[in-house]
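Contents: one structure, followed by commentary.
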Amino acid sequence: MERTHRKEEGGVALPRLQQRKTNSHKGDYGRVLAVGGSPGMSGSISLTGVASLRCGAGLTTIASPKSVQPLVAQVEPSCMTLALPEDRHGLLPMHSRDAITKAAKNSDVVAIGPGLGRSHGLDLLIQDLYCDLSTPMVVDADALNALGSRENPLAGPGGPRVLTPHPGEFRRLAHDRELPKGRWTDVAADMAKRNGVVLVLKGHRTTVTDGERVYSNETGNPGMATAGAGDVLTGVIAALLGQGIPAFEAAQLGVYLHGLAGDLAAKAIGSDGLIASDLLDYLESAFQQHRRRR
Ligand SMILES: NC(=O)C1=CN([C@@H]2O[C@H](COP(=O)(O)OP(=O)(O)OC[C@H]3O[C@@H](n4cnc5c(N)ncnc54)[C@H](OP(=O)(O)O)[C@@H]3O)[C@@H](O)[C@H]2O)[C@@H](O)CC1
Ligand SMILES: Nc1ncnc2c1ncn2[C@@H]1O[C@H](COP(=O)(O)OP(=O)(O)O)[C@@H](O)[C@H]1O
């Protein structure tokens with residue numbers, strides 16, 4: 001397996017960020033569909049949607065259960081919203097599939113999972129979308145838990161997939177609640193290779209692997225151990241995928257820029273009271289700093 005690090009440490013370079021072309025328009029920078037949210041967790045998918053715009057997505061639509069949509073619509077006027085059918089608990093039912101599929105076909109990338117909640121209907125819906133949609137997808141949070149309920153969680157992806165588990169979600173995906181930390185990277189690389197997906201193992205020193213390559217990220221700090229920081233990462237990677245960067249490179253660059261935004265935020269305002277929405281304010285500076293390095 002090839003291990004990649006930052007160029008200045010002697011390893012393989014991080015992907016470059018292209019400059020925006022003078023005569024370009026929003027359609028050139030990717031349409032992101034962010035699917036998530038449920039009663040009490042509308043903020044998570046809003047963080048994902050806003051992060052995608054802060055990382056250059058041309059258009060972002062946040063799709064959430066219909067009772068949650070008005071809340072999401074108030075967060076950031078630059079995001080479009082889509083109200084989806086919901087069950088009696090306010091969660092997405094299997095019959096929201098057609099509306100999501102239709103919206104996904106008009107999108108360059110789908111980010112799915114933050115704040116979805118858990119139900120049997122959601123398990124079936126997510127498994128179906130994971131296998132059937134050809135649109136590239138970033139799979140996070142409760143969408144990972146839904147896949148974890150399958151016998152073979154990551155089998156049969158319908159298109160490019162980046163999965164972003166934290167350690168709790170990773171253990172559920174691996175069907176091994178006792179999996180020791182020392183084995184996480186090898187198990188993730190094996191899962192990624194067997195299923196043709198990219199896995200992002202989040203935490204201090206996030207690891208990205210497609211089974212052939214392993215990237216260990218060195219940006220980020222404990223100020224990012226705060227609710228919603230991972231929801232922001234989902235939007236960052238989605239935006240990069242939507243701009244045509246291949247899955248492994250989008251995940252690698254996404255975790256690097258997300259951690260760098262966290263480092264810039266911690267430097268400016270401190271790390272004790274850092275909150276996830278602060279990261280949104282430093283993503284642009286992270287992009288600029290990365291561009292200046294080249
Ligand atoms: N504003 C909003 O709307 C927000 C909404 N959110 C939404 O909440 C939903 C539930 O997501 P969740 O991650 O809170 O719960 P869950 O999947 O049960 O994981 C907890 C388990 O994993 C473990 N664990 C986690 N990290 C670990 C680590 N680094 N290292 C080691 N262990 C670690 C942890 O371990 P423990 O803390 O017990 O040691 C526990 O066992 C989801 O939809 C999400 O999007 C949130 O994003 C917050 C903001
Ligand atoms: N101590 C740390 N050092 C570096 N990065 C961290 C640290 N703690 C958390 N992070 C980053 O913050 C994010 C947390 O994501 P996650 O656990 O999914 O939170 P949430 O579900 O609340 O959004 C991940 O990208 C992780 O890498």
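- Tracing side-chain contacts under 4.5 Å through hydrophobic residues (I, L, V, M, F, W, Y), one never reaches Val138 starting from Leu59; they form parts of separate clusters.
- Distance alone, capped at 3.5 Å, is enough to place a donor-acceptor pair between the Asp263 side chain and the Gly220 backbone.
- A donor-acceptor contact shorter than 3.5 Å is absent between the side chain of Arg16 and the backbone of Arg291.
- Contact between Tyr130 and Arg161 at its shortest, heavy atoms only, is O-NH2, 2.8 Å.
- Of the inter-residue distances, the one linking Arg213 atom CZ with Gln252 atom CD reads 7.5 Å to the nearest 0.5 angstrom.
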| field | Audit row: Thr209, Thr185, side chain to side chain contact (heavy atoms under 4.5 Å, CB included) steps and yes/no | value | CA-CA 8 Å; Thr209 182; Thr185 302; 5.7 Å; no

Which side-chain N or O atoms in residues 104-112 pair as donor and acceptor under 3.5 Å with protein atoms at least two apart or in another chain?
from, atom 1, to, atom 2, distance (Å)
Ser107, OG, Ala103, O, 2.7
Asp108, OD2, Arg31, N, 2.7

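- Taking each heavy atom of Ala268 and Tyr282 in turn, the nearest pair found is CB-OH, 3.2 Å.
- The shortest heavy-atom contact between Ala251 and Val208 is CB-CG1, 3.7 Å.
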| Please walk me through it: do Leu122 and Asp87 pass side chain to side chain contact (heavy atoms under 4.5 Å, CB included)? | CA-CA 10 Å; Leu122 268 168; Asp87 66 15; over 6 Å; no

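- The backbone N or O of Ile275 lies less than 3.5 Å from a partner atom in the side chain of Asp278, making a donor-acceptor pair.
- Within the structure, every pair that satisfies the side-chain hydrogen bond (donor to acceptor under 3.5 Å, both in side chains) test and touches residues 147-159, not counting sequence neighbours, is listed here: Asp123-Ser149, Gln127-Ser149.
- Minimum heavy-atom separation, Ala188 to Leu201: CB-CD1, 3.8 Å.
- Within the structure, the side-chain hydrogen bond (donor to acceptor under 3.5 Å, both in side chains) test picks out the following pairs touching residues 39-60 (sequence neighbours left out): Ser52-Thr60.
- Using modelled atom types, no side-chain atom of His166 and backbone atom of Gly203 make a donor-acceptor pair closer than 3.5 Å.
- Across all non-hydrogen atoms, the minimal contact from Phe248 to Tyr215 is CZ-CB, 4.0 Å.
- The environment of CZ in Arg177 is sparse: at most 12 heavy-atom neighbours from other residues, nucleotides or ligands sit within 6.0 Å.
- The same ILVMFWY cluster, assembled from side-chain heavy atoms under 4.5 Å apart, contains both Leu260 and Leu240.
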| request: Begin with the C-alpha distance, continue with both residues' side-chain angles, and end with the deciding distance and a verdict on side chain to side chain contact (heavy atoms under 4.5 Å, CB included) for Val187 and Arg183. | output: CA-CA 6 Å; Val187 170; Arg183 295 206 50 233; 3.6 Å; yes

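- Atom-to-atom distance recorded for Thr135:OG1 and Leu241:CG is 11.5 Å, nearest 0.5 angstrom.
- Remark: the backbone N or O of Pro15 is paired with a side-chain donor or acceptor of His290 at under 3.5 angstrom.
- With hydrogens and angles ignored, the 3.5 Å screen pairs no side-chain donor or acceptor of Thr61 with any backbone N or O of Leu33.
- You'll find the side chain of Val197 stays beyond 4.5 Å of the side chain of Val139, heavy atoms only.
- Other residues, nucleotides and ligands contribute over 12 non-hydrogen atoms within 6.0 Å of the CZ atom of Arg118.
- Taken to the nearest 0.5 Å, the CD1 atom of Ile245 stands 11.0 Å off from the CD1 atom of Ile237.
- From Lys202, atom NZ reaches atom OG1 of Thr207 across 13.0 Å, with rounding to the nearest 0.5 Å.
- Criterion: ILVMFWY side-chain heavy atoms under 4.5 Å apart, direct or through other members. Under it, Met191 and Leu147 are part of a common hydrophobic cluster.
- Asp28 places a side-chain N or O within donor-acceptor distance of the main-chain N or O of His25, the cut-off being under 3.5 Å.
- The backbone N or O of Gly56 sits less than 3.5 Å from a side-chain atom of Arg20, completing a donor-acceptor pair.
- Residues Ile126 and Met41 do not share a hydrophobic cluster, defined by chaining ILVMFWY side chains whose heavy atoms lie under 4.5 Å apart.
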Less than 3.5 Å apart, which donor and acceptor atoms pair up between the side chains of residues 63-82 and the rest of the protein, not counting sequence neighbours?
from, atom 1, to, atom 2, distance (Å)
Ser67, OG, Glu86, OE1, 2.8
Ser67, OG, Glu86, OE2, 3.2
Gln69, NE2, Thr81, OG1, 2.8
Glu76, OE2, Ser78, N, 3.0
Glu76, OE2, Ser78, OG, 2.6

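- The shortest heavy-atom contact between Ser38 and Leu91 is CB-CD2, 3.6 Å.
- Note that the CG atom of Asp98 and the CG atom of Leu84 stand 11.5 Å from one another [nearest 0.5 Å].
- Asn217 places a side-chain N or O within 3.5 Å of a backbone atom of Val255 that can act as its donor or acceptor partner.
- Ion pairing between a basic and an acidic side chain is recognised when a charged N comes within 4.0 Å of a carboxylate O; Arg97 and Asp132 show such pairing.
- Here the CG atom belonging to Leu129 is positioned 7.5 Å from the OG atom belonging to Ser96, to the nearest 0.5 angstrom.
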| query | Checking side chain to side chain contact (heavy atoms under 4.5 Å, CB included) for the pair Leu279/Leu274: CA distance, chi angles, key distance, verdict? | reply | CA-CA 8 Å; Leu279 300 176; Leu274 196 95; 4.1 Å; yes

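- Applying the salt bridge (charged side-chain N to carboxylate O under 4.0 Å, His left out) definition to pairs two or more places apart or across chains, none involves residues 264-274.
- Listed for the Asp128 side chain is no donor-acceptor partner under 3.5 Å among the backbone atoms of Leu124.
- Cluster membership check: Ile62 does not share its hydrophobic cluster with Leu283, using side-chain heavy-atom separations under 4.5 Å among Ile, Leu, Val, Met, Phe, Trp and Tyr.
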Just distance, no hydrogens or angles: give the donor-acceptor pairs under 3.5 Å from side chains in residues 227-234, sequence neighbours left out.
from, atom 1, to, atom 2, distance (Å)
Thr234, OG1, Asp140, OD2, 2.8
Thr234, OG1, Gly230, O, 3.1

